[in-house]
Amino acid sequence: VFAGMNGSAIENFSCMIYNVSFMNCTWRAGRDAPGDTQYFFYWKNSRQVSLLESREFYIKDENGRNTGCRFQNVKIETEKAYFLVNGSSKDSLIQFYDEYIQLYKIEKLMPPSNITVNCDEIKNDCIIQWQQPQISHSNKDKCFKYEISIKYK
């Protein structure tokens, strides 16, 4: 049983990793949370001993309430990371929210780079080449399948 007032924990928790090592997490305040409730975000990768708090990178709503945070230099490991958002209020105890997430599942991959197209009109063919996107976790080569869409104008 969670300590704290029902409906005070955050809702719609979501995280995304982008540009290889940036992480953005967002949430909505609990629908029954008192007006002065402030939320605090912590997370820990599997190799870290203690929880890291988001400090200077909180995203705030119009009331100054923390509704998200940003991290840089995030390293993706194969184990699950632990996320915790707790809250405080003068009026009542606030329920915490926690979740384990495999970080590679929330990574938004970069597009391929250095795309080149060389066409030979005599042979009536084209060679299209690109470099695999940068990615932060291992097993890089197993991750990618490519699809080419050619539109004639």
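Numbers for residues simply follow the sequence, beginning at 1. Since the structure is predicted, the reported quantities are computational estimates derived from the model, not experimental observations. FYI, side chains are in, hydrogens and waters are out, and symmetry mates aren't considered; it's all heavy atoms of this structure.
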Taking Arg65 for its side chain and Thr37 for its backbone only, find out whether a donor-acceptor pair lies under 3.5 Å.
yes
For residues 51-117, pull every pair meeting disulfide bond (SG atoms under 2.5 Å apart), keeping only residues two or more places apart or in separate chains.
none
Out of the candidates Phe22, Trp43, Phe83, only one should pair with Phe71 under the ring-ring contact (aromatic ring centres under 6.0 Å, His included) rule; please name it.
Trp43
Heavy-atom check, side chain of Gln38 versus side chain of Lys60, under 4.5 Å
yes
With a 3.5 Å distance limit and no angle check, can you tell me whether Glu53 reaches the backbone of Phe40 through a side-chain donor-acceptor pair?
no
Restricting to pairs with a member in residues 5-35, which pass disulfide bond (SG atoms under 2.5 Å apart), not counting sequence neighbours?
Cys15-Cys25
Check Lys75 against Asn45 and note the closest heavy-atom contact, atom names and distance.
O-ND2, 2.7 Å
Heavy-atom closest pair, residues Pro112 and Tyr146:
CG-CE2, 4.0 Å
Donor-acceptor contact below 3.5 Å, side chain Tyr58 vs main chain Phe41
yes
Less than 4.5 Å apart, any side-chain heavy atom of Asn66 and any of Val85?
no
Restricting to non-hydrogen atoms, name the atom on Met5 and the atom on Pro34 that form the minimum distance, rounded to 0.1 Å.
CE-CD, 3.6 Å
Check against side chain to side chain donor-acceptor pair (under 3.5 Å), Asp32 and Ser8:
CA-CA 5 Å; Asp32 296 327; Ser8 62; over 6 Å; no
Residue pair Thr67 / Arg28, side-chain heavy-atom distance below 4.5 Å
no
Any donor and acceptor pair, going by atom type alone, linking the side chain of Tyr39 with main-chain N or O of Gly30 inside 3.5 Å?
yes
Looking at residues at least two apart in the chain, or sitting in another chain, which of them share a ring-ring contact (aromatic ring centres under 6.0 Å, His included) with Phe57?
none
Might you confirm whether atom CD1 of Ile127 has over 12 heavy atoms from other residues, nucleotides or ligands at distances under 6.0 Å?
no
